[in-house]
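Since the structure comes first, as structure tokens, the remarks are kept for the end.
Both counts, for ligands and for their atoms, begin at 1 and track the order of listing. For reference, positions follow the sequence shown, starting with 1.
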Amino acid sequence: MERKYTVDVKPGDEEVKVAGWVHEIRDIGKLVFIVLRDREGKIQVTFKKDELNRQLFENGKNLGKEDVIQITGSVEKNDQAPGGREIKPKRMDILGKAESPLPLEVSGSVDSDLSTRLDKRFMDLRKKNVFDVFSFRDKVVTGLREFYDDEGYIEIHTPIISKGGAEGGATLFPVIYYQEEAFLRQSPQLYKQMLMAAGFDKVYEIGPSFRAEKFGTSRHVSEFTQWDVELSFIEDHNDVMDALENGLKFLIDYLKEHASRELEAMGVELKSIDEKFPRITFDEALNLLKEEFDYVPEDSGDLDTKGEKLLGKHFMEKGHDFFFVVGYPGEKFYYMQDREEDEMESRKFDLIFRGQELSSGGQREHRLDVILEAMNEEGVDKSNFSFYLEAFKFGMPPHGGFGMGLDRLVTKLLGLENIKEGILFPRDPSRLAP
Ligand code: AMO
């Protein structure tokens with residue numbers, strides 16, 4: 001007989017097989033009520049002394065919380081039981097005993113702090129409200145894939161171990177690669193671009209990126225998942241922003257339809273977005289901060305966390321959760337910069353979502369001589385990038401792309417406080433296990 005999820009079990013079913021964890025036990029002598037929990041829900045299993053053989057009843061009575069059991073039985077209506085039905089067991093197999101005491105309470109309302117939860121993550125993930133975050137995350141990925149697949153993007157998988165980093169030396173994680181030093185990637189950026197030289201035209205990749213920053217914030221981790229996109233034959237950075245904006249608008253509608261259960265359980269309401277995301281220049285962002293909040297970011301080339309938060313407040317009051325800031329000064333060698341026709345210093349943008357940076361991207365520089373000059377100015381060691389630079393010598397189309405933090409997207413959409421809540425087994429400077 002095939003196992004069913006508890007949600008698919010109906011009163012009147014003469015014989016069903018369900019399996020899962022013992023969520024609750026109520027023992028009132030001749031009657032033992034067990035609530036069995038599986039991925040999709042819960043069901044009551046009622047052990048009645050008068051109706052069962054002695055062994056089966058005793059086994060039911062001896063169950064402990066979080067034991068894994070498999071039950072075969074008939075289903076009856078019972079208005080007092082959760083979901084209005086209960087199983088009368090005919091057979092029970094104990095598949096896995098749980099030790100006592102449990103390292104973390106799964107049923108009941110005992111709240112543990114995040115660090116304890118992450119230490120005992122396999123137990124924490126048994127909680128429905130925690131599991132729902134990851135069922136939601138699964139739908140975020142499926143929704144994004146659906147959009148970009150339909151738009152003709154090709155999903156790619158580029159190396160995690162590489163010779164150089166796209167985002168600069170200080171945040172590279174070194175690995176020993178046979179006899180050489182190599183690094184975990186900070187971003188698939190360079191490979192996405194090489195595939196533009198290869199004629200792939202439009203690509204996306206979902207995968208891990210690593211940053212060895214000593215961050216202890218609620219929005220940074222050492223290993224995160226990026227949603228990366230690159231596209232060729234663009235006019236300018238606006239085409240890249242369109243690709244990102246349209247994907248997110250589609251995603252929100254997709255989630256409203258396909259993740260309604262998770263959203264409702266978490267009390268989150270998502271609103272479809274019809275209007276364009278505001279696009280302001282870096283200088284406009286600085287002026288806005290000065291005029292409205294009398295705030296000047298310390299680093300003249302960045303908006304910093306506080307600046308992003310204040311701008312987020314400004315735009316959210318006007319009904320915009322998302323807005324772009326375009327034209328950051330002093331950008332990296334791979335962004336197009338200092339074009340005469342632009343009234344800004346680069347074609348690099350950030351997308352801010354509810355006051356937090358969600359994505360960076362822009363039009364790339366595809367002219368090799370300009371890249372080399374920028375590398376000289378930045379003091380970049382070209383020998384680490386020879387494989388990348390070669391791709392610009394033999395026909396590189398104009399192109400651009402972006403990287404979006406998937407963990408930030410999930411946690412911000414759900415209104416979670418800490419990015420680590422949206423990551424199964426997060427990594428930070430003080431956490432390498434589990
Ligand atoms: P950037 O470094 O801005 O750009 O990263 C893109 C997005 O990835 C997420 N992110 C992080 N999330 C959690 N913890 C971190 N430590 C972390 N660092 C980054 C953020 C961020 O907006 N190569 C460019 C992208 C491109 O131009 O294609 C890049 O990686 O949400």
Short list, please: which atoms of ligand 1 are under 4.0 Å from a heavy atom of [X]?
X	value
Gly361	27 (O)
Tyr334	23 (N)
Ser187	23 (N), 30 (O)
Gln189	23 (N), 24 (C), 25 (C), 26 (C), 27 (O), 28 (O)
Gly403	6 (C), 7 (C), 25 (C), 26 (C), 28 (O)
Lys192	28 (O)
Glu357	3 (O), 21 (C), 22 (O), 31 (O)
Ile419	13 (C)

>> Would Glu24 and Ser107 count as a side chain to side chain donor-acceptor pair (under 3.5 Å) here? Give the steps.
In response: CA-CA 7 Å; Glu24 271 172 38; Ser107 57; 5.5 Å; no
>> Is there a side chain to side chain donor-acceptor pair (under 3.5 Å) between Ser272 and Asp253? Walk through the geometry before answering.
In response: CA-CA 6 Å; Ser272 299; Asp253 290 338; 2.6 Å; yes
Please state which part of [X] comes within less than 4.0 Å of ligand 1, counting heavy atoms only: side chain, backbone, both or neither.
X	answer
Gln226	side chain
Arg211	side chain
Arg364	side chain

> Which pair of non-hydrogen atoms, one from Ala81 and one from Glu86, has the smallest distance, and what is that distance?
Replying inline: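 In this case the closest contact between Ala81 and Glu86 is CB-CB, 4.4 Å.
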>> Looking at Tyr5, I'd like to know if the NZ or CZ of Arg3 sits under 6.0 Å from its six-membered ring centre while staying within 45 degrees of the ring's axis.
In response: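 Yes, Arg3 and Tyr5 form such a contact.
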> Distance under 6.0 Å and angle within 45° of the ring axis: does Lys249 meet both against Phe277?
Replying inline: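 Yes, Lys249 sits over the ring of Phe277.
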> Of the choices Ile352, Val221, Val229, which has the non-hydrogen atom that lies closest to atom 15 (C) of ligand 1?
Replying inline: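 Minimum heavy-atom distance to atom 15 (C) of ligand 1 goes to Val221.
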>> For atom 20 (C) of ligand 1, which of the options Glu230, Glu223, Arg408 provides the nearest non-hydrogen atom?
In response: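 The residue whose heavy atom sits nearest atom 20 (C) of ligand 1 is Arg408.
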Is the closest heavy atom of [X] to ligand 1 under 4.0 Å?
X	answer
Arg219	yes
Leu358	yes
Tyr335	yes

State plainly whether the residues [X] and [Y] are in salt-bridge range, i.e. N to O under 4.0 Å.
X	Y	result
Lys202	Glu230	no
Arg367	Glu365	yes
Lys163	Glu181	no

For ligand 1 and [X], I'd like to know whether there is a polar contact (N/O to N/O, distance under 3.5 Å).
X	result
Phe224	no
His220	no
Phe215	no

>> Under the criterion salt bridge (Lys or Arg N to Asp or Glu O under 4.0 Å), I'd like the reasoning laid out for Asp242 against Lys276: C-alpha separation, chi angles, the key distance, then a yes or no.
In response: CA-CA 9 Å; Asp242 289 345; Lys276 269 189 103 58; 3.5 Å; yes
> Are Pro329 and Phe282 close enough that some pair of their side-chain heavy atoms sits under 4.5 Å apart?
Replying inline: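 A side-chain contact exists here, since the closest heavy-atom pair is under 4.5 Å.
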> In this structure, are over 12 heavy atoms from other groups packed under 6.0 Å from Glu341 atom CD?
Replying inline: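 Above 12, so yes.
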> For Lys127, which residues count as a side-chain hydrogen bond (donor to acceptor under 3.5 Å, both in side chains) partner, sequence neighbours excluded?
Replying inline: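 In terms of side-chain hydrogen bond (donor to acceptor under 3.5 Å, both in side chains), with neighbours along the sequence ignored, Lys127 is linked to Asp124.
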